[in-house]
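Heavy atoms only: backbone and side chains are in, while hydrogens, waters and symmetry mates are out. To find a chain, count down the sequence lines: A is the first, B the second, and so on, and within it residues start at 1.
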Number of protein chains: 2
Amino acid sequence: MYNFEAFFDYIQEISGKLLSEDDKHLLMVHFKPKKLRKRQYFLQEGDVCRYIGFIVKGSARTFTVDEKGHENVLKLSVENWWLADFESFYLLTPSRFNIEALENLEVLQSTNAQIEEFLKNIPAFSAMQNVISQNYTIASQKRMQAAFSYTAEERYEDLIRNYPHFLKRFPQNMIASYLGLSPETLSRIRKNSFK
Amino acid sequence: MYNFEAFFDYIQEISGKLLSEDDKHLLMVHFKPKKLRKRQYFLQEGDVCRYIGFIVKGSARTFTVDEKGHENVLKLSVENWWLADFESFYLLTPSRFNIEALENLEVLQSTNAQIEEFLKNIPAFSAMQNVISQNYTIASQKRMQAAFSYTAEERYEDLIRNYPHFLKRFPQNMIASYLGLSPETLSRIRKNSFK
DNA sequence: CGATTAACTTGATTTAGGTCACGATAATGA
DNA sequence: TCATTATCGTGACCTAAATCAAGTTAATCG
C-alpha cells in the first residue's frame with residue numbers, strides 16, 4: 001500500500017481545505033504510483049499527454065527539440081509540482097514537448113477524465129486547482145517578463161534569488177537551457193559573478 | 001441602464017452553462033461599467049490592481065518600464081478578454097505593470113472580493129474561470145516556448161498565424177515590443193517577408 | 001579500479017538583433 | 001487648415017550572446 005500522506009497534506013495545505021475520508025479514498029483509488037528511472041520519459045513528443053503526474057520524489061525537465069536537434073528546456077520540476085503538457089492533456093492533442101526524469105522519479109498519476117471527477121466531487125481538489133492556476137499565471141507572467149526584458153546575467157541572478165536549490169540540484173547545462181542561454185555563456189557569467 | 005447582454009452571452013458560451021435571472025442580477029449589480037479614453041491608464045505601476053475588467057469595447061496593453069525608460073509590452077488585449085495584473089489582483093501587492101488603453105475602452109469591472117462571491121454563487125462563473133485558466137495556461141506555455149526557442153522572424157510568423165487581426169489593429173511598434181523586438185528589426189523583417 | 005561518457009571551462013570567431021541617426025509619412029489636434 | 005507629434009523605413013555601426021573548437025574535470029559503470 002502506497003503512502004499517500006504527503007500528497008494529502010499537500011492538497012490540504014495549498015487548498016486551505018480538509019479532505020474527508022471519502023475524498024482520500026477516491027484519490028487513493030484513482031491516483032496510481034509510477035516510478036521512472038533517471039533519463040526515462042514521462043512524455044514523448046508526438047504522443048498525447050494522457051496522464052498528469054504529481055511528483056512525490058525526484059525531478060524532471062520539460063523540453064522541446066528544434067529542427068537542428070537543439071534542445072530547449074522550458075520547465076524544471078521537483079517534488080510537489082505537477083507534471084504534464086497541459087495543452088495536450090486538456091485538449092488531447094499530440095504534444096510538442098518531452099518530459100524526462102532528471103533523477104529517479106516517483107509520481108502519482110491520473111487521467112484527464114478522473115481529474116474532472118475530482119474537481120466535481122472533492123472541494124479541496126478544485127480549490128487547489130484554483131490556487132495552482134493562480135500561481136501558474138503569476139509565475140508565467142514573471143518568466144515572460146524575464147525572458148524579454150532581462151539580460152542573461154539578470155535572468156541568472158533572478159534564478160539564484162527565486163530557486164537557489166536548482167543550482168545544487170540540476171546540471172549547469174540544464175540551467176543554462178532553462179534560462180535560454182548556451183552552456184558556455186552561463187559558465188562565463190558564473191566566472192564573472194565571483195567578483 | 002448598461003447593456004450586459006454581450007457579457008452574459010460570453011459567460012454562457014465559454015462556460016457551457018446558463019445564467020439564471022438571479023445570477024444575471026448579481027452580476028449587473030456588482031460589475032460596474034467604466035470608460036477610459038485612449039492613453040488613459042487602467043492600472044499604474046506601484047498601485048494595487050483592485051479591479052479586474054472585462055473588455056466590452058476597445059483594446060489595451062500591459063507593459064513594464066525598465067531603469068532606462070524602455071517600455072516592454074507583455075500583453076495586448078481586445079474585446080472579451082480580461083484585464084488585470086493577476087499577481088497584484090490576487091495577492092493585493094503593488095503591481096510592476098502598467099495597463100493603458102490603446103483605443104477608447106469600455107470595461108465592466110469588479111473587485112477581488114466580489115469575484116470570490118461570484119465563484120461561490122454562480123456555477124457558470126466558476127465553470128468559466130476553469131476554462132479561462134486552462135486556456136491561459138496553454139497560451140502561456142506557448143508564449144514561453146516562442147520567447148525562448150523561436151527567432152525574431154518565427155515569432156512574427158507565429159503572430160500572423162495566431163492573431164492576424166492584431167496587425168491591423170495595433171501600431172507596429174507595439175507589436176514589435178510584444179514580440180520582444182525593436183521597431184527597426186520588425187520593420188526589416190516585414191520588408192524581407194514580402195518576397 | 002580504470003575506461004568511457006558527460007559536464008564544464010576557456011579562447012577565437014561569427015551573427016542576430018539592438019542602437020543611433022535621420023528622413024519620410026501619417027495621424028492628431030488647435 | 002496647418003502645425004505638431006507619432007509612426008515607420010533605411011543605413012551605418014555596435015554588442016550580447018551563439019557557435020565552433022579543444023582541453024579539463026567530474027561522474028558513471030562494467
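Going from atom NZ of Lys32(A) over to atom CD of Gln109(A) covers 10.0 Å, rounded to the nearest 0.5 Å. Atom CG of residue Asp47(A) and atom OG of residue Ser95(A) lie 8.0 Å apart, to the nearest 0.5 angstrom.
In this structure, Leu186(A) reaches neither bases nor backbone, as no heavy-atom distance under 4.0 Å exists between it and the strands shown.
Distance CG (Leu179(A)) to P (dA16(D)): 18 Å, rounded to an integer number of Å. If you take CG of Leu181(B) and P of dA16(C), they are 14 Å apart, rounded to a whole angstrom. Per the geometry, CZ belonging to Arg190(B) stands 11 Å off P belonging to dT10(D), to the nearest Å. Look at CD on Glu71(A): it is 10 Å from P on dA7(C), rounded to the nearest Å. To the nearest angstrom, C1' of dA16(C) lies 12 Å from CZ of Arg188(B).
Residue pairs meeting the ring-ring contact (aromatic ring centres under 6.0 Å, His included) criterion with at least one partner in residues 104-134 of chain B, sequence neighbours excluded, are Phe31(B)-Phe118(B), Phe118(B)-Phe125(B). Among residue pairs with one or both ends in residues 3-14 of chain B, those qualifying as side-chain hydrogen bond (donor to acceptor under 3.5 Å, both in side chains) are Tyr10(B)-Trp82(B); sequence neighbours excluded. Within the structure, the salt bridge (Lys or Arg N to Asp or Glu O under 4.0 Å) test picks out the following pairs touching residues 133-147 of chain A (sequence neighbours left out): Lys142(A)-Glu87(B).
The phosphate of dG11(C) (OP1 or OP2) has a side-chain N or O of Lys191(A) nearer than 4.0 angstrom.
Toward the 5' end of DNA chain C, the nearer of the two residues Thr151(B) and Lys38(B), judged by each one's closest nucleotide, is Thr151(B). Ranked by how close their nearest DNA chain C nucleotide is to the 5' end, Thr185(B) and Thr185(A) are led by Thr185(A).
Residues of residues 160-175 of chain B that place a heavy atom closer than 4.0 Å to DNA chain C do not occur. Residues from residues 98-106 of chain A with heavy atoms under 4.0 angstrom of DNA chain D: there are none.
Applying the ring-ring contact (aromatic ring centres under 6.0 Å, His included) test to Tyr163(B) and every residue at least two apart in sequence or in another chain returns Phe166(B).
Under the 4.5 Å side-chain heavy-atom criterion for Ile, Leu, Val, Met, Phe, Trp and Tyr, Ile52(A) and Leu27(A) are members of the same hydrophobic cluster.
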Before you tell me yes or no, could you show the steps for Phe7(B) and Phe54(B) under ring-ring contact (aromatic ring centres under 6.0 Å, His included), namely the whole-Å CA-CA distance, both residues' side-chain angles and the distance that decides it to 0.1 Å?
CA-CA 8 Å; Phe7(B) 183 45; Phe54(B) 176 82; 4.8 Å; yes

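If you check distances only, the side chain of Glu184(A) does reach the base of dC20(D) with a donor-acceptor pair under 3.5 Å.
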